[in-house]
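Notes follow the structure.
Order of appearance sets the numbers: ligands from 1, and atoms from 1 within every ligand. Residue numbers run from 1 in the order of the sequence given.
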Amino acid sequence: MATLVWDYVQEYDDERDEILAGVDRVFRSGRLIFGESGRGFEREFAAYHGVAHAVGVDNGTNAIKIALQSLGVGPGDEVITVSNTAAPTVVAIDALGAVPVFVDVRAEDYLMDTALVAEAITERTRCLLPVHLYGQCVEMAPLERLAAEHGLVILEDCAQAHGARHHGRIAGGMGDAAAFSFYPTKVLGAYGDGGAMLTGDDAVEQRMRRLRYYGMAERYYVVETPGHNSRLDEVQAEILRGKLRRLDDYIAARRAVAARYAEGLAGTGLELPAVADGNDHVYYLYVVRHPRRDEILAALEAYGISLNVSYRWPVHTMSGFAHLDDRRGSLPVTERLADEIFSLPMYPSLSKDVQDKVIMALREVLQRL
Ligand SMILES: *Cc1c(COP(=O)(O)O)cnc(C)c1O
């Protein structure tokens with residue numbers, strides 16, 4: 001059985017005419033960089049979130065990097081985040097010469113344990129960087145209290161949480177700025193790379209616009225602070241405009257897949273995703289947990305089912321971050337999870353057929369354990 005962890009071809013078949021018409025509009029527009037598609041997407045993405053400004057960039061990693069820089073985070077500044085995340089969260093902090101400081105996650109929902117943040121704050125802390133992981137939001141009220149008390153900025157990593165809500169507030173509309181990825185697998189995915197930043201602050205927005213464009217104000221070709229080349233491509237922007245109109249449908253489809261897993265896997269001994277208080281989960285990933293994870297994954301291979309682990313190697317244990325102070329043993333929940341979690345296939349067009357085969361195979365494997 002071809003069980004795919006992720007697949008966009010069905011979705012492309014459904015949306016092909018609209019996508020190709022959009023690509024054609026861009027190619028005929030006479031403007032391939034900084035045209036109407038990019039501007040239109042920025043307007044619509046900002047409006048979707050009820051935030052004043054959106055600035056498109058080339059990917060989510062650079063969205064984090066440029067957002068941090070625009071918020072005034074620089075070399076030597078400490079940024080408090082988690083190790084149970086996609087490595088790019090930390091790569092972006094490190095690229096600025098800033099110092100990632102990790103707190104552990106909660107055993108129930110694998111999200112930043114905000115009760116541990118206060119003791120991680122030092123004189124050099126500048127920023128709190130919650131990662132809204134797997135599709136649901138980190139508890140924001142404690143972070144907002146600490147930020148106000150210590151004069152810190154908050155950057156939300158929303159790469160996995162497009163459209164997620166927290167006590168009614170939307171992911172990306174809560175911090176001083178937010179960073180999104182439109183990597184194809186994400187809840188809002190491009191047909192290639194893409195990213196965006198949100199902020200309600202006019203000065204921060206101006207810095208974001210310059211830093212993504214070599215450090216120049218558009219039309220005034222003078223570099224003030226040397227920046228990057230991180231523009232969002234017009235073609236991707238146009239495709240994203242179409243997909244943004246369908247974002248709520250994609251989320252509804254993901255929730256339906258999640259509900260089917262919850263029903264099919266109840267009572268099997270597998271720990272299913274817990275939704276934290278006040279959260280509307282968008283299920284970027286459907287992450288389950290079992291102490292005998294590796295045996296389960298090996299047994300599923302016999303059914304032709306190969307699953308992913310997000311994430312098998314906590315960032316603080318990676319050789320590339322050996323220069324940081326954190327070592328194996330410093331984040332016990334994160335490290336334990338890395339040995340026990342795995343992800344089930346999750347995307348809006350996942351067929352009931354394929355999903356039921358995954359459920360049946362898992363039920364058999366778990367029964368035989
Ligand atoms: C995908 C992802 C990123 C990076 O996005 P890219 O577009 O691949 O650069 C950053 N943070 C998290 C949590 C992600 O899942």
Q) Among H132, Q160, M346, which residue meets the side chain to side chain contact (heavy atoms under 4.5 Å, CB included) test with Y284? A) Q160

(Q) Taking the side chain as everything from C-beta on, heavy atoms only, tell me whether V315 gets closer than 4.5 Å to S83. (A) yes

Q. Which of parallel (below 30°), tilted (30 to 60°) and perpendicular (above 60°) describes F45 and F182?
A. perpendicular

Q. Centres of the Y221 and Y214 rings: under 6.0 Å?
A. no

Output, or 'none' if empty, a list of ligand 1-protein atom pairs in which both atoms are N or O and the distance is under 3.5 Å, rounded to 0.1 Å.
residue: ligand 1; atom: 5 (O); partner: S181; partner atom: OG; Å: 3.2
residue: ligand 1; atom: 7 (O); partner: G60; partner atom: N; Å: 2.8
residue: ligand 1; atom: 7 (O); partner: S181; partner atom: OG; Å: 2.6
residue: ligand 1; atom: 9 (O); partner: G60; partner atom: N; Å: 3.3
residue: ligand 1; atom: 9 (O); partner: T61; partner atom: N; Å: 2.8
residue: ligand 1; atom: 9 (O); partner: T61; partner atom: OG1; Å: 2.5
residue: ligand 1; atom: 11 (N); partner: T89; partner atom: OG1; Å: 3.4
residue: ligand 1; atom: 11 (N); partner: D157; partner atom: OD1; Å: 3.4
residue: ligand 1; atom: 11 (N); partner: D157; partner atom: OD2; Å: 2.9
residue: ligand 1; atom: 15 (O); partner: Q160; partner atom: NE2; Å: 2.8
residue: ligand 1; atom: 15 (O); partner: K186; partner atom: NZ; Å: 2.7

Q. Given side chains that start at C-beta, do those of V55 and E205 come closer than 4.5 Å, heavy atoms only?
A. yes

**Q.** Within-4.5 Å side-chain heavy-atom neighbours: R126 and V153
**A.** yes

